[in-house]
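Letters A, B, ... are given to chains in the order of the sequence lines, protein chains preceding strands, and every chain is numbered from 1. No hydrogens, no waters, no symmetry mates; every other heavy atom, side chains included, goes into these values.
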Amino acid sequence: VLIWGVNFPENRLIKKSLETFYGIGNQHSTRILAQHSIFHRARVGSLPTKTITALTAELSSMTIETDLRRKLVENISRLKEMGTYRGRRHAMGYPVRGQNTRSQIMSARKLNRVERRG
Amino acid sequence: MNPTRALLARSVWKGPNIVPLPIVRVPAGQKAPPVKTQARSATILPNFVGLVFKVHNGKIYHDVEITEDMVGHKLGEFSPTRKRFTYKQSKNK
């Protein structure tokens, strides 16, 4: 079954299938299922075509996947272009939120970049 | 400057931190002189856009030109207070 261009096998839970999109987790998937009155343990194969189309329309209106990733990268590069303290910390790969840099900065080194993924 | 201050945001009901700054309104066509200030905690208001501020960092006054993106931030965010850390191995044994 094709939801928003992605194929899902029939016997998978619809909630789990929605959560495979970047930007949809527990909260958003519950809200979407409630809005379309879908049983939360329903399988993908049990949904009528009308519901599938409605879900596709819903997903295209939300910011998920590439739109969301672009938004996050834009936020960080905006900070850097303005020349703020936070932007500089992201560029250097240091903690942004005022942590001590004497030790325990491995998460910052790994995650804080200008092209930060997720 | 405490970097977490931006995230422990000021409550909205209090309004922005407005500091009386000596802003000169020049007639159209003339350039406003840069405003020298030590008030790093002053919030940037929409009527600052386009002006040039000289923000103190403890030692010198950094030139900061205000653009539209900068409106909710504080002046001190644009004037770094510490020199970048560089490791220099000294030749002394």
Just wondering, more than 12 heavy atoms not from A:Asn100 lying within 6.0 Å of its CG?
no
Output for pair (B:Arg84 CZ, A:Met92 CE), nearest 0.5 Å, gives 5.0 Å
List the steps and the verdict of side-chain contact (heavy atoms from CB on, under 4.5 Å) for A:Leu79 and B:His73.
CA-CA 10 Å; A:Leu79 287 173; B:His73 296 258; 3.9 Å; yes
Once rounded to the nearest 0.5 Å, what's the spacing between atom CE of B:Met70 and atom CD of A:Glu81?
10.5 Å
Heavy-atom neighbours of A:Lys15 NZ exceed 12 at 6.0 Å
yes
Based on non-hydrogen pairs under 4.5 Å, which of B:Asp69, B:Val64, B:Thr67 is most in contact with chain A?
B:Asp69
If you count every heavy atom of other residues, nucleotides or ligands that lies below 6.0 Å from A:Arg78 atom CZ, does the total exceed 12?
yes
Please state whether the side chain, the backbone, both or neither of A:Arg89 comes within less than 4.5 Å of a heavy atom of chain B.
neither
Kindly give the heavy-atom pair with the smallest separation between A:Tyr85 and B:Arg82, and that separation in Å.
OH-NH1, 4.1 Å
For atom CZ of A:Arg31, is the number of surrounding heavy atoms from other residues, nucleotides or ligands below 6.0 Å larger than 12?
yes
More than 12 heavy atoms of other residues, nucleotides or ligands under 6.0 Å from NE2 of B:His62: is that the case?
yes
